[in-house]
Amino acid sequence: RGDVFIGLPSSGLHTNGYSLVRRIFGLDDDPSPLHKMESDLGTSLGEALLAPHAPYYSTVKPVLSMIKGMSHITGGGLYNNIPRALPKGLGARVNLSSWDVPAIFNIIQHSGNVERDEMFRVFNMGLGMVLICAPEQAGPILQKTPKAWVVGEVVEANADNRVILN
């Protein structure tokens, strides 16, 4: 309890949520919407959906000795991945205002009328990796990982609600 979550940005969807995206955008339709330019993205829908997965090794390697755990935010989003890195009885309080959700996720949510919780259950929402550290390690980790930011803290939690988004 009291440990800090430090977030690393994602470069897009990575490898998750494509079945939902396919249904929302009718990617099997002819003509395909993949070539449509999206002003919010500054690119086509297809280019945004196919953004290469961000590699985290080089970012995390310099701080491995300072962290207690980490969670790669893959399929299952924040709700299913963060609890895997925590002991029973502990959960996460995540401050949603600590980062801007990338435009691609907003477009998906609005185009498919997808509920907020479902978005955070399926996608990484711009948070590709979460590092867990003692509060006194947060500053040094942030200095060594300039694109990182504090996203929340470890809290007591019951088995039914291990991730609190606020």
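Every value quoted in this text rests on a predicted model; they were computed, and no experiment measured them.
Here CG of Leu8 is found 10.5 Å from NZ of Lys147. Values are rounded to the nearest 0.5 Å. Considering OG of Ser10 and CZ of Phe105, their distance stands at 4.5 Å, rounded to 0.5 Å. Rounded to the nearest 0.5 angstrom, Leu131 CG and Ile67 CD1 are separated by 5.0 Å. Here the CH2-CG distance, from Trp99 to Leu127, works out to 5.0 Å after rounding to the nearest 0.5 Å. Taken from CZ in Phe123 to CG in Leu78, the straight-line distance is 12.5 Å, to the nearest 0.5 Å. Separation of atoms CG (Asp117) and OH (Tyr79) is listed at 3.5 Å; rounding is to 0.5 Å.
Checking side-chain atoms of Glu153 against main-chain N and O of Arg93 turns up no donor-acceptor pair under 3.5 Å. Although no hydrogens or angles enter the test, the distance criterion places a donor-acceptor pair under 3.5 Å between the side chain of Ser98 and the main chain of Asn95. Distance alone, capped at 3.5 Å, is enough to place a donor-acceptor pair between the Asn124 side chain and the Gly12 backbone. Distance alone, capped at 3.5 Å, is enough to place a donor-acceptor pair between the Arg162 side chain and the Leu90 backbone. One N or O on the side chain of Ser44 and one on the backbone of Glu47 form a donor-acceptor pair closer than 3.5 Å.
Around the CG atom of Asp100, the shell of radius 6.0 Å holds no more than 12 heavy atoms that belong to other residues, nucleotides or ligands. Other residues, nucleotides and ligands contribute only 12 or fewer heavy atoms inside 6.0 Å of the CD atom of Glu115. Under a cut-off of 6.0 angstrom, the local environment of CG in Asn161 is crowded, with over 12 non-hydrogen atoms contributed by other residues, nucleotides or ligands.
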Carefully, step by step, assess Ile6 and Cys133 under the rule side chain to side chain contact (heavy atoms under 4.5 Å, CB included).
CA-CA 8 Å; Ile6 295 177; Cys133 68; 3.8 Å; yes

Step-by-step side chain to side chain contact (heavy atoms under 4.5 Å, CB included) determination, Asp40 to Ile107:
CA-CA 8 Å; Asp40 289 347; Ile107 290 169; 4.2 Å; yes

List the steps, then state whether side chain to side chain contact (heavy atoms under 4.5 Å, CB included) holds for Lys68 with Asp3.
CA-CA 9 Å; Lys68 294 182 176 186; Asp3 284 342; 3.1 Å; yes

Full working for side chain to side chain contact (heavy atoms under 4.5 Å, CB included) between Gln137 and Leu142:
CA-CA 9 Å; Gln137 293 296 335; Leu142 292 172; over 6 Å; no

Ser71 vs Asn81, side chain to side chain donor-acceptor pair (under 3.5 Å): CA-CA, chis, key distance, verdict:
CA-CA 6 Å; Ser71 178; Asn81 288 291; 5.0 Å; no

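Residue Met70 forms a side-chain contact (heavy atoms from CB on, under 4.5 Å) with just one option from Ile82, Val130, Leu64, and that option is Leu64.
Residues Trp149 and Gly126 share a closest heavy-atom pair of CH2-O, 4.0 Å. Summarising the geometry of Thr145 relative to Thr59, their closest heavy-atom pair is CG2-O, 3.4 Å, with the distance given to 0.1 Å. Nearest heavy atoms, Pro52 versus Ser11: O-OG, 2.5 Å.
Qualifying salt bridge (Lys or Arg N to Asp or Glu O under 4.0 Å) partners for Glu118, counting only residues two or more places apart in sequence or in other chains: Arg121.
At a threshold of 4.5 Å between side-chain heavy atoms, the hydrophobic network of Ile, Leu, Val, Met, Phe, Trp and Tyr places Val114 and Leu49 in one connected group. With hydrophobic clusters built from ILVMFWY side chains whose heavy atoms lie under 4.5 angstrom apart, Met119 shares a cluster with Val151. Follow the hydrophobic side-chain contacts under 4.5 Å out from Val101 and you reach Val21 in the same cluster. Phe5 and Met66 fall into different hydrophobic clusters, where Ile, Leu, Val, Met, Phe, Trp and Tyr side chains are chained together by heavy-atom contacts under 4.5 Å. In this structure, Leu41 is a member of the same hydrophobic cluster as Tyr18, with clusters built from ILVMFWY side-chain heavy atoms closer than 4.5 Å.
Here the side chains of Phe25 and Leu34 are not in contact, with every heavy-atom distance at 4.5 Å or above. Using a 4.5 Å heavy-atom threshold, the side chains of Asn166 and Val94 count as separate. Within the 4.5 Å cutoff, the side chain of Leu86 has heavy atoms near those of the Ile132 side chain. The shortest distance between side-chain heavy atoms of Leu45 and His35 does not fall below 4.5 Å. Contact check for Ile108 versus Leu13: side-chain heavy atoms found under the 4.5 Å cut-off.
Classified by interplanar angle (parallel below 30°, tilted 30° to 60°, perpendicular above 60°), the ring pair Tyr56/His14 is tilted.
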